[in-house]
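Notes follow once the structure below has been shown.
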Amino acid sequence: MEYMKALVKTAPDHAEIQKIPIPECGSGEVLVRVRSAALCGTDLHILAWNSWAQNSGIKFPFILGHECSGDIVATGDESGNSLKVGDKVAVETHVPCGRCDQCLNGEQHICNNLRIFGVHMNGCFAEYSVVPALCARKIPDAVTYDIGSMMEPIGTSFRAVQEAQVAGLSVLVVGCGPIGLFAVASASTLGAERIIAADVSSQRLEIAGEMGADIIIDPLREDILQNILNQTNGYGVDVIIEASGNSSALKQSFQLLRKGGTIAMVGLPEQPVELEIGRDIVFKEAKIMGIHGRRMFGTWSKVERLLKAGKLYVEPAITHRFSLDGWQEGVQLAKSGHGCKIIFQP
Ligand SMILES: NC(=O)c1ccc[n+]([C@@H]2O[C@H](COP(=O)([O-])OP(=O)(O)OC[C@H]3O[C@@H](n4cnc5c(N)ncnc54)[C@H](O)[C@@H]3O)[C@@H](O)[C@H]2O)c1
Ligand SMILES: [Zn+2]
Ligand SMILES: [Zn+2]
């Protein structure tokens, strides 16, 4: 039997690197030799075992990690979508049932029985990973493994910006973690007139500038409302991408939005948020859209083509790379808020 290294969460308060047998893939699955795997906030929630993680239906032991790319080394009998050994792939993490009303009507990404790769099944912080064939997406040679491992979060941000139809409009991205930074890059690609990025971390604001933000604002250091009103003749911005998940930032966003503007909500506040419905939404005619992941696979096709064409600039979001053995250092860095996207190369 051949063995591999994997980061296994064994109990609510424990995770460790283990040597375990390389898994076999069954029908409808492929086995991927993982080349790059990106650390995400969700992994931190699972490691910390916060209230979301406790209620997410996780069963122990399981292999952490969901954002990845690699090469197919084996396919199940009926992998079903023409994948073959040697294909370079990136992984979609929403695993749909294929049978519910949502799935049958083109909305697999919000399947009624949605399961998440690396949450409800073993993930990719390992040398090898079993992936549902439907979710293994072939990527071009021009897309590096590291960029491939981030296509899942890039897709979420790209979709938010695309559906908000930003061409020729002013866009405010609230929160410049990976999700916000990829939204900045997407808004630049999709022709926003002006991109304003807000965060409380100067390091992340600096990266936002590199990725296409025209104006950066630290709301702790200056009055963001006054700044936005000054820049927009007192009207407010046309589009907001909320990517902070911070309750007070989210509440304030509605004041920064112009009448008739659009707000795409991507961030996930941990507690319920109170809004003034009349002032913030009704009289303003705010258009609100929730964004959960990527359209399968319309978003993937567009992101892939833009990356291949060199028209979506995401590289600066990667600040650190570690081997799997360095996972604790990577997690500490992520928790400290230093750095941004952290990549493991198993
Ligand atoms: N909807 C989806 O499909 C989806 C997918 C991935 C992540 N998310 C959520 O999106 C959010 C962003 O994800 P991420 O991985 O970039 O997280 P992150 O924690 O790395 O980034 C959040 C950023 O917001 C900044 N921030 C905090 N308070 C702020 C304030 N008052 N004003 C401006 N910025 C502020 C932080 O400094 C940080 O840089 C999280 O809430 C995450 O749970 C949603
Ligand atoms: Zn993620
Ligand atoms: Zn379904």
Side-chain angles (χ1 to χ4, degrees), residues 32 34-38 40 67-72 81-84 86-94 106 108-109 131 134-171 173 176-197 204 206-214 238-239 241 243 264 266 291 293-319 321 340-341 343 345:
V32 174
V34 180
R35 296 297 176 189
S36 295
C40 165
E67 301 176 0
C68 70
S69 68
D71 301 304
I72 293 185
N81 62 359
S82 75
L83 293 169
K84 55 183 192 313
D87 285 348
K88 183 179 185 180
V89 293
V91 174
E92 162 60 55
T93 53
H94 286 201
Q108 300 179 79
H109 65 292
V131 176
L134 173 76
C135 296
R137 175 90 199 174
K138 229 174 129 168
I139 55 169
D141 285 341
V143 176
T144 63
Y145 289 114
D146 286 352
I147 301 284
S149 74
M150 304 191 298
M151 283 176 75
E152 190 259 30
I154 294 171
T156 301
S157 310
F158 181 84
R159 181 175 158 230
V161 176
Q162 190 211 347
E163 296 199 3
Q165 301 186 9
V166 301
L169 300 181
S170 56
V171 179
V173 176
C176 295
I179 293 289
L181 290 175
F182 297 142
V184 167
S186 302
S188 173
T189 298
L190 294 173
E193 172 253 337
R194 195 177 342 164
I195 304 168
I196 308 161
R204 290 185 166 192
E206 203 175 301
I207 304 176
E210 278 178 60
M211 288 174 73
D214 302 296
D238 300 311
V239 173
I241 310 292
V266 189
I291 297 287
R294 305 133 298 280
R295 290 208 162 265
M296 294 165 67
F297 286 88
T299 310
W300 281 86
S301 305
K302 293 185 187 81
V303 166
E304 191 178 294
R305 288 161 73 165
L306 289 166
L307 288 172
K308 187 177 173 193
K311 293 190 174 177
L312 188 55
Y313 181 51
V314 293
E315 198 81 45
I318 303 176
T319 54
R321 293 176 173 85
C340 196
K341 208 61 179 161
I343 306 261
Q345 294 171 322

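Computed from a predicted model, the values in this text were never measured in an experiment. Counting from 1, the numbers follow the sequence of the chain as shown. As a basis for the values below, the full set of heavy atoms in this structure was taken, side chains included, without hydrogen atoms, waters or symmetry mates.
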Quiz item: How far apart are the closest heavy atoms of P178 and R204, and which atoms are they?
Solution: CD-NH1, 4.4 Å

Exercise. Go through V161 and V171 one step at a time and tell me if the side chain to side chain contact (heavy atoms under 4.5 Å, CB included) criterion holds.
Key: CA-CA 9 Å; V161 176; V171 179; 5.9 Å; no

Exercise. Return yes if some donor-acceptor pair links the side-chain N/O of S157 with the main-chain N/O of G180 below 3.5 Å, else return no.
Key: no

Quiz item: Taking all atoms of both residues into account, what is the closest heavy-atom pair of I195 and G212, and its distance?
Solution: CD1-O, 3.6 Å

Quiz item: What pair of heavy atoms forms the shortest contact from T156 to I291, and how long is it?
Solution: O-CG2, 3.9 Å

Quiz item: Are I207 and C340 side-chain neighbours, meaning at least one heavy-atom pair lies under 4.5 Å?
Solution: yes

Self-check item: Inter-residue atom distance I72.CD1 - K88.NZ, 0.5 Å rounding
Solution: 13.0 Å

Quiz item: Are the side chains of R159 and R295 in touch, meaning some heavy atoms are under 4.5 Å apart?
Solution: yes

Practice problem: Sequence neighbours left out, what passes side-chain hydrogen bond (donor to acceptor under 3.5 Å, both in side chains) with D238? Give chain and number order. | Solution: S170, R258

Exercise. Hey, could you give me each pair passing side chain to side chain donor-acceptor pair (under 3.5 Å) that has a residue in residues 176-192? Not counting sequence neighbours.
Key: none

Exercise. Return the set of residues passing salt bridge (charged side-chain N to carboxylate O under 4.0 Å, His left out) with K308 (not counting sequence neighbours), or none when no residue passes.
Key: none

Quiz item: Quick check: does any side chain N or O of H109 sit under 3.5 Å from a backbone N or O of G293, one acting as donor and the other as acceptor?
Solution: no

Exercise. Could you pull out all residues at least two apart from V303 that satisfy side-chain contact (heavy atoms from CB on, under 4.5 Å)?
Key: M151, I154, F158, T299, L307, L312

Quiz item: Do other residues, nucleotides or ligands put more than 12 heavy atoms under 6.0 Å from Q165 CD?
Solution: no

Practice problem: Please report the shortest heavy-atom distance between A208 and V184, naming the atom on each side. | Solution: O-CG1, 3.8 Å

Quiz prompt | Residues which pass salt bridge (charged side-chain N to carboxylate O under 4.0 Å, His left out) with R294, listed by chain and number, not counting sequence neighbours | solution = E92, E152

Quiz prompt | From CD (E163) to CD1 (I241), nearest 0.5 Å | solution = 10.0 Å

Self-check item: Contact summary for V34 and C68, nearest pair of heavy atoms
Solution: CG1-CB, 4.2 Å

Quiz item: Who pairs with E206 by salt bridge (charged side-chain N to carboxylate O under 4.0 Å, His left out), at least two apart in sequence or on another chain?
Solution: none

Quiz item: Mind checking what makes side-chain hydrogen bond (donor to acceptor under 3.5 Å, both in side chains) contact with S69, not counting sequence neighbours?
Solution: none

Which side-chain N or O atoms in residues 140-148 pair as donor and acceptor under 3.5 Å with protein atoms at least two apart or in another chain?
| from | atom 1 | to | atom 2 | distance (Å) |
| --- | --- | --- | --- | --- |
| T144 | OG1 | I147 | N | 3.1 |
| Y145 | OH | D71 | OD1 | 2.8 |
| Y145 | OH | D71 | OD2 | 2.8 |
| D146 | OD1 | S36 | OG | 2.5 |
| D146 | OD1 | Q345 | NE2 | 3.2 |
| D146 | OD2 | R321 | NE | 2.5 |
| D146 | OD2 | R321 | NH2 | 3.1 |
| D146 | OD2 | Q345 | NE2 | 3.4 |

Quiz item: Hey, are K138 and D87 close enough for a salt bridge, meaning a charged N less than 4.0 Å from a carboxylate O?
Solution: yes

Self-check item: Test side-chain hydrogen bond (donor to acceptor under 3.5 Å, both in side chains) applied to R137 - qualifying residues, sequence neighbours left out
Solution: S301, E304

Quiz item: Quick one: are V173 and F182 in side-chain contact, heavy atoms under 4.5 Å?
Solution: no

Quiz prompt | Nearest non-hydrogen partners of E210 and P316, listed with the distance | solution = OE1-CB, 3.6 Å

Quiz item: Do the non-hydrogen side-chain atoms of P153 and K341 ever get within less than 4.5 Å of each other?
Solution: yes

